[in-house]
Amino acid sequence: MAKSILFIRADKIAIPDVDVYAFQSLCNVYNIQFNQFELNNASDITQALGGAYDYICFAGHGNLMGFGDQNYFTISWTVIGQIICQENSIKINGIVILFCCNGGLPQIGCQLIDICPNLDFVMGVSKIGKSIDLLMAYSIFIYNRELKNLSEIDSIHRAISGTGVQIAHYYKGDKDPETKEYRCLICDKMAGRLN
């Protein structure tokens, strides 16, 4: 069965059409069904997240406050995480790609994982970057993940090596010896749950 990606674009200036078309073409090469949603205001986020996907990509302006465009609206990461869970938008072992500046900050990745237990893997860049840089890094990630069947972590390392773009990732890959649950140790440390 073909995988699917939901590409939510909130800022047409930060993420130009040519980059979206290139990413869509790449997904088509790997038989990933590409679903694009143009987010024009904050109230459309629930509609955007209807359905279940292997990848959800948030493309636009991002900062500690949330995701949106640079001028008119921002949706808090808390709200986004809650809606992903309520709508069951991410499939098991799904990946959230933050195709926006600052998406790799631990405050964002860990906030999403903590709010939504369905999320296992969130990735993004920690700095301000250009859309073309994000496109190239995430293209290398998808290539290695889907074509070479490498792990998420190995695919990220190859994307970093190939572009120099620093991608941070937060994932529930560490098994708690007491509870037998998978946890994100980075997030646990940040929240003071680990010493």
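Given the structure is predicted, the values throughout are model-derived calculations rather than measurements. The figures that follow rest on heavy atoms only: side chains count, while hydrogens, waters and symmetry mates do not.
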S139 and I142, any side-chain heavy atoms less than 4.5 Å apart: no
S155 (side chain) donor-acceptor with S151 (main chain) under 3.5 angstrom: yes
CG on L26 to CZ on F141, rounded to 0.5 Å: 11.5 Å
Least distance between heavy atoms, V79 atom then I75 atom: CG1-CG2, 3.9 Å
Which atom of W77 lies closest to which atom of L112, heavy atoms considered: O-CD2, 3.4 Å
Interatomic spacing from OG in S76 to CG in L64 - rounded to 0.5 Å: 12.5 Å
Distance in Å, I84 CD1 paired with I80 CD1, rounded so as to fall on 0.5 Å steps: 7.0 Å
Residues D17 and R9 bridged, charged N to O under 4.0 Å: yes
Main-chain N/O of L49 paired to S89 side chain as donor or acceptor, under 3.5 Å: yes
Pairing residues for R145 by the salt bridge (charged side-chain N to carboxylate O under 4.0 Å, His left out) criterion, not counting sequence neighbours: E152
Test side-chain contact (heavy atoms from CB on, under 4.5 Å) applied to V165 and M136, step by step: CA-CA 9 Å; V165 174; M136 297 316 303; over 6 Å; no
Hphob cluster co-occupancy, L134 + I160, side-chain heavy atoms under 4.5 angstrom: yes
Any residue meeting side-chain contact (heavy atoms from CB on, under 4.5 Å) with Y143, in chain and number order, not counting sequence neighbours: Y30, L147, K148
Pair Y171-D120, side-chain contact (heavy atoms from CB on, under 4.5 Å): steps then yes or no: CA-CA 5 Å; Y171 71 107; D120 292 323; 5.9 Å; no
I90 side chain reached by I56 side chain, heavy atoms, under 4.5 Å: yes
Shared hydrophobic cluster for L39 and I13 (ILVMFWY, side-chain gaps under 4.5 Å): no
Residues in side-chain contact (heavy atoms from CB on, under 4.5 Å) contact with D54, at least two apart in sequence or another chain: K3, S4, K91
Over all atoms of both residues, closest heavy-atom pair of N118 and N88: ND2-OD1, 3.4 Å
side-chain contact (heavy atoms from CB on, under 4.5 Å) evaluation trace for Q111 with Q107: CA-CA 6 Å; Q111 182 178 13; Q107 298 93 323; 5.7 Å; no
Side-chain (N102) to main-chain (L105) donor-acceptor, under 3.5 angstrom: no
Interatomic distance, Q33 atom CD to Y53 atom OH [nearest 0.5 angstrom]: 8.0 Å
Minimal non-hydrogen separation, A168 against G104, with atom names: CB-O, 3.2 Å
Spacing of CD1 belonging to I140 relative to CG belonging to L135, to within rounding of 0.5 Å: 9.5 Å
Within one Ile-Leu-Val-Met-Phe-Trp-Tyr cluster: M65 and V96, side-chain cutoff 4.5 Å: no
Any donor-acceptor pair under 3.5 Å from D11 side chain to Q70 backbone: yes
Same apolar cluster (I L V M F W Y, side chains within < 4.5 Å links), L119/I115: no
Pairs satisfying disulfide (SG to SG under 2.5 Å), at least one member in residues 30-87, at least two apart: C85-C116
Spacing of CG belonging to L6 relative to CD1 belonging to I97, to within rounding of 0.5 Å: 11.0 Å
hydrophobic_cluster_shared for Y21 and V29, side chain cutoff 4.5 Å: no
Polar contact flag, side-chain donor to acceptor under 3.5 angstrom, E87-T46: no
Distance-minimising heavy-atom pair for A159 and I167: CB-CD1, 3.8 Å
Distance-only side-chain donor-acceptor flag, E146 / Y55, under 3.5 Å: yes
Chi angles and distances behind the side-chain contact (heavy atoms from CB on, under 4.5 Å) call for I156, Y138: CA-CA 8 Å; I156 284 175; Y138 293 137; over 6 Å; no
Side-chain donor or acceptor of N63 paired with backbone N/O of G66 under 3.5 Å: yes
Sequence-distant partners of F58, ring-ring contact (aromatic ring centres under 6.0 Å, His included), two or more places apart: F67
Minimum heavy-atom distance between I108 and L98, given as atom pair plus value: CG2-CD1, 3.8 Å
Counterpart residues, ring-ring contact (aromatic ring centres under 6.0 Å, His included), relative to F7 (two or more places apart): F23, F34, F99
